[in-house]
Visitor: 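Quick one: the structure is below, and I'll ask about it shortly.
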Amino acid sequence: MVYMLLGTGFEETEAIAPLDLLRRAGIDVMTVGLNGKTVYGGHGIGITADITVGEIDLTDLDMIILPGGLGGVASIRGCREAMDAIGFAWDNGKFVAAICAGPTVLADLGITDGKQATCYPGCESGMGQAIMAENMPCVRDGKLITGTSAGCAIPFGLMLIAALKGQVAADAVAQQIVIR
């Protein structure tokens, strides 16, 4: 199971685009509300999450995804259950993915240290000891996947699919949505 953490103020494009692509690829994804079932993004778009953070089943975890958005990132940092789930995923060899300001949360946990990563331009000072990959829409270093911004949400989503189901599956979804 893939869990996408949604805290108040998340960046809508960075959540919805990858979520849609993952589901098109037949990957089971559950959105997780950190502040209840209805979560509002940074641009006032409300999303009804599939579950709340207390309902995450860590025994069934394949990947955890953190969209960006400064409010959403602050919500994740302020939620002990979310932070524990991220740490559990990493410590147990599961995929951990974040985009925009989200990778700074992973840096807080030491996950990006010594790993190639990217983040929203200007957030680099919050990336700890990460090896920053400049001018990349998204970067994969083992089980760590990071993306740059809302404008990179589709390549990020396709990289998530490739990690979970292989490049052929990612290419099939890219072809379906007519990526050029």
Visitor: Taking atom types as modelled, find out whether T104 and R77 have a side-chain donor-acceptor pair closer than 3.5 angstrom.
Guide: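 Side chains of T104 and R77: pair found under 3.5 Å.
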Visitor: Using side-chain heavy atoms (C-beta onward) and a distance below 4.5 Å, is I99 in contact with S149?
Guide: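 They are not in contact (no side-chain heavy atoms under 4.5 Å apart), so the answer is no.
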Visitor: Within a strict 4.5 Å, meaning less than it, do heavy atoms of the R140 and F95 side chains meet?
Guide: yes
Visitor: So which heavy atom on Y120 is nearest to which on A101, and how close?
Guide: CB-N, 4.2 Å
Visitor: Counting C-beta onward and ignoring hydrogens, is there a side-chain heavy-atom pair between Y3 and L61 closer than 4.5 Å?
Guide: yes
Visitor: Under 4.5 Å between side-chain heavy atoms, counting indirect links through other Ile/Leu/Val/Met/Phe/Trp/Tyr residues: same cluster for I177 and L164 or not?
Guide: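 Yes, because I177 and L164 connect within a single hydrophobic cluster, where side-chain heavy atoms sit under 4.5 Å apart.
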Visitor: Does one hydrophobic cluster hold both W90 and V73, with members joined at side-chain heavy-atom distances below 4.5 Å?
Guide: yes
Visitor: Between N35 (side chain only) and G7 (backbone N and O only), is there a donor and an acceptor less than 3.5 Å apart?
Guide: no
Visitor: May I ask you to test the M136-Q116 pair for a side-chain heavy-atom distance under 4.5 Å?
Guide: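 Heavy-atom side-chain distance check fails, nothing below 4.5 Å.
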Visitor: Taking T8's backbone N and O only, do any of them form a donor-acceptor pair with S75's side chain (distance below 3.5 Å, no angle check)?
Guide: yes
Visitor: Could you walk me through whether I154 and L21 pass side-chain contact (heavy atoms from CB on, under 4.5 Å), step by step?
Guide: CA-CA 8 Å; I154 290 189; L21 297 177; 4.1 Å; yes
Visitor: Determine, step by step, whether I65 and L22 satisfy the side-chain contact (heavy atoms from CB on, under 4.5 Å) criterion, reporting the C-alpha distance in whole Å, the side-chain angles of both residues, the deciding distance to 0.1 Å, and the verdict.
Guide: CA-CA 11 Å; I65 305 169; L22 288 161; 3.6 Å; yes
Visitor: Salt bridge or not for K165 and D62, using N-O below 4.0 Å?
Guide: no
Visitor: Any chance you could measure M63, atom CE, to K143, atom NZ, to the nearest 0.5 Å?
Guide: 8.5 Å
Visitor: I need the single residue from L160, V2, D20 that forms a side chain to side chain contact (heavy atoms under 4.5 Å, CB included) with V29. Which is it?
Guide: V2
Visitor: Which atoms form the tightest heavy-atom contact between P103 and T112, and what is the distance?
Guide: O-CG2, 4.0 Å
Visitor: Surrounding CG of L70 (heavy atoms of other residues, nucleotides or ligands, distance under 6.0 Å), is the total greater than 12?
Guide: no
Visitor: Go through the steps for E14 and C100 under the test side-chain contact (heavy atoms from CB on, under 4.5 Å), then give the verdict.
Guide: CA-CA 8 Å; E14 295 165 0; C100 192; 3.1 Å; yes
Visitor: Would T148 and T118 count as having a side-chain donor-acceptor pair, cut-off 3.5 Å?
Guide: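 Present: a donor and an acceptor within the cut-off.
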Visitor: Does any non-hydrogen side-chain atom of L34 lie less than 4.5 Å from one of L6?
Guide: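 No, side chains not in contact.
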Visitor: Using every non-hydrogen atom in the two residues, find where A117 and A130 come nearest and quote the distance to one decimal.
Guide: CB-CB, 4.2 Å
Visitor: If you take all heavy atoms of E12 and G42, which pair is closest and at what distance?
Guide: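 For E12 and G42, the tightest heavy-atom pair comes out as OE2-N, 3.4 Å.
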Visitor: Check the pair L144 / I111 against side-chain contact (heavy atoms from CB on, under 4.5 Å), numbers first and verdict last.
Guide: CA-CA 8 Å; L144 173 66; I111 292 170; 4.0 Å; yes
Visitor: Does any non-hydrogen side-chain atom of T52 lie less than 4.5 Å from one of K37?
Guide: yes
Visitor: For G128 and A107, which heavy atoms make the closest approach, and how far apart are they?
Guide: N-CB, 4.0 Å
Visitor: If you draw a 6.0 Å radius around CG in D57, do more than 12 non-hydrogen atoms from other residues or ligands fall strictly inside?
Guide: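 Result for CG/D57: enclosed.
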Visitor: Do the side chains of I131 and K115 get nearer than 4.5 Å, heavy atoms only?
Guide: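 They are not in side-chain contact.
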Visitor: I'd like to know if V32 and L106 are part of one continuous hydrophobic network [Ile/Leu/Val/Met/Phe/Trp/Tyr, side-chain heavy atoms within less than 4.5 Å].
Guide: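 Looking at the clustering, V32 is in the same group as L106.
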Visitor: Restricting to non-hydrogen atoms, name the atom on A49 and the atom on T31 that form the minimum distance, rounded to 0.1 Å.
Guide: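 Shortest heavy-atom separation between A49 and T31 comes out as CA-OG1, 3.3 Å.
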Visitor: What I'd like to find out is whether the side chain of L66 reaches to under 4.5 Å of the side chain of I76, using heavy atoms alone.
Guide: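 Answer yes - side chains close enough.
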